[in-house]
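As the structure is a computational prediction, the values presented were derived from the model and not from experiment. Because only heavy atoms are used, hydrogens play no part in the values below, and waters and symmetry mates are left out as well, while side chains stay in. A, B, ... follow the sequence lines: proteins, then strands. Residue 1 opens every chain.
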2 protein chains.
Amino acid sequence: MNSIQILEQSGLSKTEVRKKVLALFIESQSALSLSDIESAFSKIDRITLYRTLKTFETKGIIHKAVDGTNHPKYAMCEASCSEHKHHDNHAHFHCLSCGKTVCFEQVANPSIPEVLNGYTVEETTLILSGTCKDCLEE
Amino acid sequence: MNSIQILEQSGLSKTEVRKKVLALFIESQSALSLSDIESAFSKIDRITLYRTLKTFETKGIIHKAVDGTNHPKYAMCEASCSEHKHHDNHAHFHCLSCGKTVCFEQVANPSIPEVLNGYTVEETTLILSGTCKDCLEE
DNA sequence: CACAAAATGCAATATCATTGCAAAAAAGGA
DNA sequence: TCCTTTTTTGCAATGATATTGCATTTTGTG
């Protein structure tokens, strides 16, 4: 599915910024931070970007990839995600050498009892960190 | 062990800031962010705090508790941690209601193959999020 | 093509993070 | 205990990051 189809399916207007950002996500192999996106385009407004990402996340187009750095990154959702319902229950790998973060769809988050020590667990996040394939080859 | 004993054992000088901050960590049930510590004391310099936390982390006194927020938190290490060698291989629980983060020492991080898809995994981080005991009781 | 609704970009503001440097405090020896 | 050396602290300055309100521009619809 291309960026225009995705926007249509989510009922979003097809603006320049959205098409550009979404196209970048589709072709990108790794999760993108705000500054990654910012530097991919010569002039794009930071504030618009924040709002664009928030909209995409709400609509189930992209999901946050927590990687242990203090900067949120985002990656394309799996097909089953929709508005307010994400199913991105997989680990994320963070390379300590180049800083890139990628989705590991084949590594599911561990299943944890719903109640633990009197705490209710609603969500689990699994981060793997180490050295990525590209960095190892060098 | 009290704060002075810990400082002595790590070979750190016993300054006011270090004693105060360390005492706060010892009595605290949850992981502390920089601003948590800042607001616990009326006047304490932010920059000194950054350096104090870094020193403590290097010496194996406290460890970073990644909780999916964009603000690092810290908690006391287990006894076996020492300079440059941490063994805090446990999950952290993050309450989505009050924002607090606590160590779940009894939930170990999952063991992952050392090599996966051509990536070498050096470390795993597990975050559980939901509602904590205190918030549930209200 | 024109109008209403939505999205964008700018101004302003607040928080967070880091470095260099001078003053203050702690450690060690006499 | 006092003095000297070393370490730590706190201030100044700077830069990155994040968020809101509002006027302008763009998009969708008849």
[X] has an atom [atom1]; how far is it from atom [atom2] of [N], in whole Å?
| X | N | atom1 | atom2 | answer |
| --- | --- | --- | --- | --- |
| Ile37(B) | dT9(D) | CD1 | C1' | 16 Å |
| Leu53(B) | dT8(D) | CG | P | 14 Å |
| Arg46(A) | dA14(C) | CZ | P | 18 Å |
| Glu8(A) | dT27(D) | CD | P | 15 Å |
| Leu7(A) | dT27(D) | CG | P | 12 Å |
| Leu34(B) | dA14(C) | CG | C1' | 16 Å |
| Leu49(A) | dT19(D) | CG | P | 13 Å |

Requested in this report: Would you mind checking if Lys54(B) and Glu57(B) are paired as a salt bridge, meaning a charged N to carboxylate O distance below 4.0 Å?
Outcome: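 Answer for the salt bridge query: no.
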Requested in this report: Consider only side-chain heavy atoms of I, L, V, M, F, W and Y, link residues closer than 4.5 Å, and tell whether Val66(A) and Leu32(A) are in one cluster.
Outcome: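 They do not share one cluster, since no chain of ILVMFWY contacts under 4.5 Å joins Val66(A) to Leu32(A).
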Query raised in the report: Hey, quick one: are Tyr74(B) and Ile26(B) part of the same hydrophobic cluster, counting side-chain heavy atoms closer than 4.5 Å, chains of contacts allowed?
Result: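 Hydrophobic grouping puts Tyr74(B) with Ile26(B).
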Query raised in the report: Applying side-chain hydrogen bond (donor to acceptor under 3.5 Å, both in side chains), which residue pairs with at least one partner in residues 102-115 of chain A are found, sequence neighbours left out?
Result: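 Every side-chain hydrogen bond (donor to acceptor under 3.5 Å, both in side chains) pair that includes a residue of residues 102-115 of chain A, provided the two are not neighbours, is Asn89(A)-Asn109(A), Gln106(A)-Asn117(B).
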Report task. Find which nucleotide of DNA chain D each of His71(A) and Lys14(A) is nearest to by heavy atoms, and output the residue with the more 5' nucleotide. Result ->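 Between the two, 5'-proximity favours His71(A).
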Query raised in the report: Taking only side-chain nitrogens and oxygens of Tyr50(A), does any of them come within less than 4.0 Å of OP1 or OP2 of dA18(D)?
Result: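 Indeed, a polar side-chain atom of Tyr50(A) lies that close.
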Query raised in the report: If you pin Ser35(B) and Lys54(B) to their nearest nucleotides in DNA chain C, which one's is more 5'?
Result: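 Nearest-nucleotide comparison on DNA chain C picks Ser35(B).
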If you restrict it to nitrogen or oxygen atoms, what contacts under 3.5 Å exist between nucleotides 5-11 of chain C and the protein, and what is each distance?
| residue | atom | partner | partner atom | Å |
| --- | --- | --- | --- | --- |
| dA7(C) | OP1 | Arg18(A) | NH1 | 3.0 |
| dA7(C) | OP1 | Arg18(A) | NH2 | 2.8 |
| dA7(C) | O5' | Arg18(A) | NH2 | 3.4 |
| dT8(C) | OP1 | Thr15(A) | OG1 | 2.8 |
| dG9(C) | OP2 | Thr48(A) | OG1 | 3.2 |
| dG9(C) | N7 | Arg51(A) | NH2 | 2.9 |
| dG9(C) | O6 | Arg51(A) | NH1 | 3.3 |
| dG9(C) | O6 | Arg51(A) | NH2 | 2.7 |

Query - Candidate pair Glu83(A) and Ser10(A), rule side-chain hydrogen bond (donor to acceptor under 3.5 Å, both in side chains), full reasoning - result: CA-CA 8 Å; Glu83(A) 184 156 9; Ser10(A) 302; over 6 Å; no
Query raised in the report: So, His63(A) versus His87(A), ring centres under 6.0 angstrom or not?
Result: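 Not close enough - the centres of the two rings lie 6.0 Å or further apart.
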